[in-house]
Amino acid sequence: VQLQACGGGLVQAGDSLRLSCAASVRPFRGYHMGWFRQAPGRERQFVAASTRDSGTTFYADSVKGRFTISRDYAKNTVVLQMDSLKPEDTAVYYCAAANKAFRSPRLGVQAGESYAYWGQGTLVTVSS
């Protein structure tokens, strides 16, 4: 299984970035897909997720209304559109995949330990 994330870069506060993650998992629809981030000296943090099958989306409170997660089923890709970026969004962003069945999908997809597969990370730096 491979998850290849790209799209990071250096932007100014208020700008937008679009992260993409190409996933080799099959079937793509059968996997929860998540984005997490880790800033220097801080713990890994949940950002957004799209559940398997239904594609229901969940977001961390800190990014709700600014970030959008979506899937391109034709390309087996999950996208994180990030708008109105803030300096506190600076971090390495990781995509991840899981095919567990959760009693509570909302809680399950927010836990890093739920995911068996991780991408290599892409750095997002937001200057003030």
Side-chain angles (χ1 to χ4, degrees):
V1 172
Q2 288 190 331
L3 301 175
Q4 188 72 32
C6 63
L10 172 63
V11 297
Q12 293 187 329
D15 286 349
S16 297
L17 271 179
R18 182 180 175 92
L19 305 183
S20 294
C21 176
S24 67
V25 292
R26 297 291 189 275
F28 182 59
R29 187 178 298 274
Y31 281 77
H32 309 289
M33 299 300 298
W35 286 97
F36 290 76
R37 67 186 181 187
Q38 188 166 19
R42 302 190 66 179
E43 292 186 353
R44 184 178 60 197
Q45 178 186 37
F46 167 75
V47 176
S50 168
T51 64
R52 69 180 187 182
D53 300 321
S54 68
T56 302
T57 57
F58 297 99
Y59 297 93
D61 288 343
S62 59
V63 306
K64 202 170 294 182
R66 299 188 297 122
F67 291 11
T68 304
I69 186 172
S70 61
R71 297 192 189 218
D72 183 335
Y73 290 96
K75 297 181 179 179
N76 277 25
T77 298
V78 59
V79 173
L80 186 67
Q81 177 66 40
M82 305 186 295
D83 298 321
S84 303
L85 282 161
K86 304 176 181 179
E88 51 263 43
D89 294 319
T90 295
V92 176
Y93 283 71
Y94 300 90
C95 63
N99 63 352
K100 289 184 177 181
F102 299 124
R103 293 183 65 181
S104 170
R106 180 179 65 83
L107 295 179
V109 297
Q110 294 185 47
E113 55 267 28
S114 296
Y115 294 83
Y117 307 107
W118 292 83
Q120 84 286 4
T122 185
L123 176 62
V124 173
T125 304
V126 185
S127 63
S128 57

- prompt: Do the side chains of Val78 and Tyr59 join up, straight or via other hydrophobic residues, at under 4.5 Å, putting them in one cluster?
  reply: yes

message: Ring-plane angle category for Phe36 and Tyr115, please: parallel below 30°, perpendicular beyond 60°, tilted otherwise.
response: perpendicular

message: Strictly distance-based, threshold 3.5 Å: is any side-chain N or O of Gln120 a donor or acceptor partner for the main-chain N or O of Ala5?
response: yes

task: Might you point out which heavy atoms bring Ala48 and Leu80 nearest each other, and give the distance in Å?
output: CB-CD1, 4.1 Å

- line: Shortest non-hydrogen pair, Pro87 vs Ser128, comes out as CG-CB, 3.8 Å

- line: Between the CD atom in Gln110 and the CZ atom in Phe46, the distance rounded to the nearest 0.5 Å is 4.5 Å

- request: Indicate if Met82 and Val11 have the same hydrophobic cluster label, given that clusters are the connected sets of ILVMFWY residues with side-chain heavy-atom separations under 4.5 angstrom.
  value: yes

field: side chain to side chain donor-acceptor pair (under 3.5 Å) pairs, two or more places apart, involving residues 71-80
entry: Ser50-Arg71

- prompt: In terms of side-chain heavy atoms, does Gln38 have a donor or acceptor partner in Arg44 at a distance below 3.5 Å?
  reply: no

message: Quick check for you: to the nearest 0.5 Å, what is the distance between Tyr31 atom OH and Arg26 atom CZ?
response: 10.0 Å

message: Please report the interatomic distance OH(Tyr93) to OG1(Thr122), rounded to the nearest 0.5 Å.
response: 10.5 Å

field: Contact check, side chains of Phe58 and Thr51, non-hydrogen atoms, under 4.5 Å
entry: yes

message: Do Phe28 and Ile69 land in one hydrophobic cluster if side-chain heavy atoms of ILVMFWY residues count as linked below 4.5 Å?
response: yes

field: Side-chain touch Leu107/Phe102, heavy atoms, less than 4.5 angstrom
entry: no

query: How about Arg37 and Val63: do any of their side-chain heavy atoms sit closer than 4.5 Å?
result: yes

message: Show the nearest heavy-atom pair for residues Leu3 and Ala23, with the distance to one decimal.
response: CD2-CB, 3.3 Å

- request: Indicate yes or no: at least one non-hydrogen side-chain atom of Cys21 is less than 4.5 angstrom from one of Trp35.
  value: yes

Tabulate below the donor-acceptor pairs under 3.5 Å that side-chain atoms of residues 12-20 make, not counting sequence neighbours, or state none.
residue, atom, partner, partner atom, Å
Asp15, OD2, Gln12, N, 3.1
Ser16, OG, Asp83, OD1, 2.7

field: Linked, directly or transitively: Val47 and Val126 (ILVMFWY side chains, under 4.5 Å)
entry: yes

- prompt: Out of curiosity, does Leu123 fall in the hydrophobic cluster containing Trp118 (side-chain heavy atoms, cut-off under 4.5 Å, transitive links)?
  reply: yes

- prompt: Quick one: OG on Ser70 to CE on Met33, what's the gap to the nearest 0.5 Å?
  reply: 11.5 Å

- prompt: To the nearest 0.5 Å, what is the distance between CZ (Arg29) and OG (Ser54)?
  reply: 10.0 Å

- prompt: Do Leu85 and Phe67 have side chains that get closer than 4.5 Å, going by heavy atoms?
  reply: yes

message: If you count every heavy atom of other residues, nucleotides or ligands that lies below 6.0 Å from Glu88 atom CD, does the total exceed 12?
response: yes

query: Taking only residues two or more places apart in sequence or in another chain, which ones pass salt bridge (charged side-chain N to carboxylate O under 4.0 Å, His left out) with Arg66?
result: Asp89

